[in-house]
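Following: one structure in structure tokens, then a few remarks.
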Amino acid sequence: MKYILSTNRLGLRNWKSSDEPPFIEMGKDAEVMKHFPGVLSDSDSIELIKRLSHHYEQYSYTYFAVDELETGEFIGFTGLKNQVWESEFTPCVDMGWRLKRSAWGKGFATEAARVCLEAAWPKFGLKEVLAFATNTNLASQRVMQKIGMNHIGKVQHPMITGDTRFSHCEVYKFTMQA
Ligand SMILES: CC(C)(COP(=O)(O)OP(=O)(O)OC[C@H]1O[C@@H](n2cnc3c(N)ncnc32)[C@H](O)[C@@H]1OP(=O)(O)O)[C@@H](O)C(=O)NCCC(=O)NCCS
């Protein structure tokens, strides 16, 4: 398998149709989706894969599908994506990550995020990258801190309506060295 980005343990690539079943399963896990308004239906997950794949074709980066190299198993996504919803911090490119539960706690998100950040300028021409997480999502914020992002503010996510627990977001930023 030829990966777009890789680390010792992980390969990051564009999405393929065989990712659908494990991604659908992950989207139904209430613990994985705890910081989002709800779990995902089969069609939500399939649509999301399509959008992320299309984003890759347009921009050459996306929230990449992540494989664990030792097993070749798909474990979730990590990557870079354009965000155009309206706020003082957007438009921007953000980093996002979501892994299946059995892959948590092994440093995988941090490892995948680091390689994306390292590639952001030389490979994708991005001078800065933001990241957003609900204020209750401490694991995600810890990943941001560990890869050297700085907390720059808070934002009310306009696309997440209804239950406001999910719209209070902390904002982190990484600016590339000149
Ligand atoms: C967020 C997520 C990707 C992290 O993946 P991971 O591979 O377990 O992350 P890492 O192991 O690289 O690092 C996680 C860090 O958070 C810490 N952490 C985990 N749970 C925590 C919690 N409840 N409170 C505080 N810190 C926590 C870990 O101890 C670790 O920090 P450390 O290395 O200093 O000990 C994973 O939990 C996930 O997929 N969550 C569901 C989806 C999601 O919320 N995505 C982010 C949306 S913004």
Side-chain angles (χ1 to χ4, degrees), residues 5-13 15 19 22-41 44-45 48-49 51-52 55 61-71 73-85 87 89-90 92-120 129-174:
L5 297 171
S6 57
T7 70
N8 286 341
R9 298 187 295 169
L10 304 172
L12 281 65
R13 56 169 173 77
W15 295 78
D19 299 328
F23 191 60
I24 286 171
E25 194 185 326
M26 199 174 110
K28 289 185 192 301
D29 184 334
E31 191 61 24
V32 169
M33 299 308 290
K34 186 173 159 188
H35 299 285
F36 298 89
V39 295
L40 301 180
S41 68
D44 290 338
S45 290
L48 181 51
I49 288 181
R51 285 204 304 277
L52 293 177
H55 190 288
Y61 55 86
T62 189
Y63 290 168
F64 297 111
V66 179
D67 290 339
E68 187 178 354
L69 293 177
E70 195 178 302
T71 57
E73 193 188 354
F74 166 83
I75 60 164
F77 69 68
T78 299
L80 298 152
K81 186 168 176 295
N82 296 354
Q83 298 297 344
V84 294
W85 43 275
S87 80
F89 300 105
T90 49
C92 71
V93 176
D94 89 335
M95 298 195 77
W97 32 74
R98 186 183 303 168
L99 303 181
K100 63 178 193 173
R101 228 192 308 169
S102 57
W104 292 5
K106 299 175 182 172
F108 284 156
T110 303
E111 191 169 313
R114 267 207 187 106
V115 76
C116 289
L117 213 47
E118 282 164 14
V129 173
L130 272 62
F132 302 88
T134 55
N135 54 6
T136 52
N137 195 344
L138 300 180
S140 188
Q141 290 184 62
R142 183 79 194 111
V143 173
M144 295 169 197
Q145 292 156 6
K146 285 198 294 180
I147 61 173
M149 300 186 98
N150 295 311
H151 186 251
I152 57 163
K154 296 172 185 287
V155 69
Q156 193 77 19
H157 199 306
M159 307 288 282
I160 302 174
T161 53
D163 192 333
T164 53
R165 277 179 304 158
F166 303 108
S167 59
H168 296 299
C169 289
E170 304 296 332
V171 190
Y172 285 71
K173 179 172 163 178
F174 190 93

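Counting starts at 1 for both ligands and their atoms, in listed order. Computed from heavy atoms alone, side chains included, the values below leave out hydrogens, waters and symmetry copies.
- Listed by chain and residue number, K100 satisfy the salt bridge (charged side-chain N to carboxylate O under 4.0 Å, His left out) test with E73 (two or more places apart in sequence, or in another chain).
- Atom CD of E70 has 12 or fewer neighbouring heavy atoms from other residues, nucleotides or ligands inside a 6.0 Å radius.
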May I have the list of side-chain donor-acceptor pairs in residues 107-116 shorter than 3.5 Å, sequence neighbours left out?
unit_1, atom_1, unit_2, atom_2, d
T110, OG1, K146, NZ, 3.2
E111, OE1, R9, NE, 2.8
E111, OE1, R9, NH2, 2.7
E111, OE2, T7, OG1, 2.6
E111, OE2, R9, N, 3.3
R114, NH2, K146, O, 3.0

Check: every ligand 1 N/O to protein N/O pair under 3.5 Å:
unit_1, atom_1, unit_2, atom_2, d
ligand 1, 7 (O), A109, N, 3.0
ligand 1, 8 (O), G105, N, 2.7
ligand 1, 11 (O), G107, N, 2.9
ligand 1, 12 (O), T110, N, 3.0
ligand 1, 12 (O), T110, OG1, 2.5
ligand 1, 13 (O), K146, NZ, 3.1
ligand 1, 33 (O), K146, NZ, 2.6
ligand 1, 34 (O), R142, NE, 2.8
ligand 1, 34 (O), R142, NH2, 3.1
ligand 1, 39 (O), L99, N, 2.8
ligand 1, 39 (O), L99, O, 3.3
ligand 1, 39 (O), W104, NE1, 3.2
ligand 1, 44 (O), N137, ND2, 2.8
ligand 1, 45 (N), W97, O, 2.8

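- If you take OG1 on T90 and CD on Q83, they are separated by 8.5 Å, rounding to the nearest 0.5 Å.
- In this structure K106 satisfies the side chain to side chain donor-acceptor pair (under 3.5 Å) test with no other residue, sequence neighbours excluded.
- The existence of a salt bridge linking E25 and K28 is excluded, since no basic side-chain nitrogen approaches an acidic carboxylate oxygen closer than 4.0 Å.
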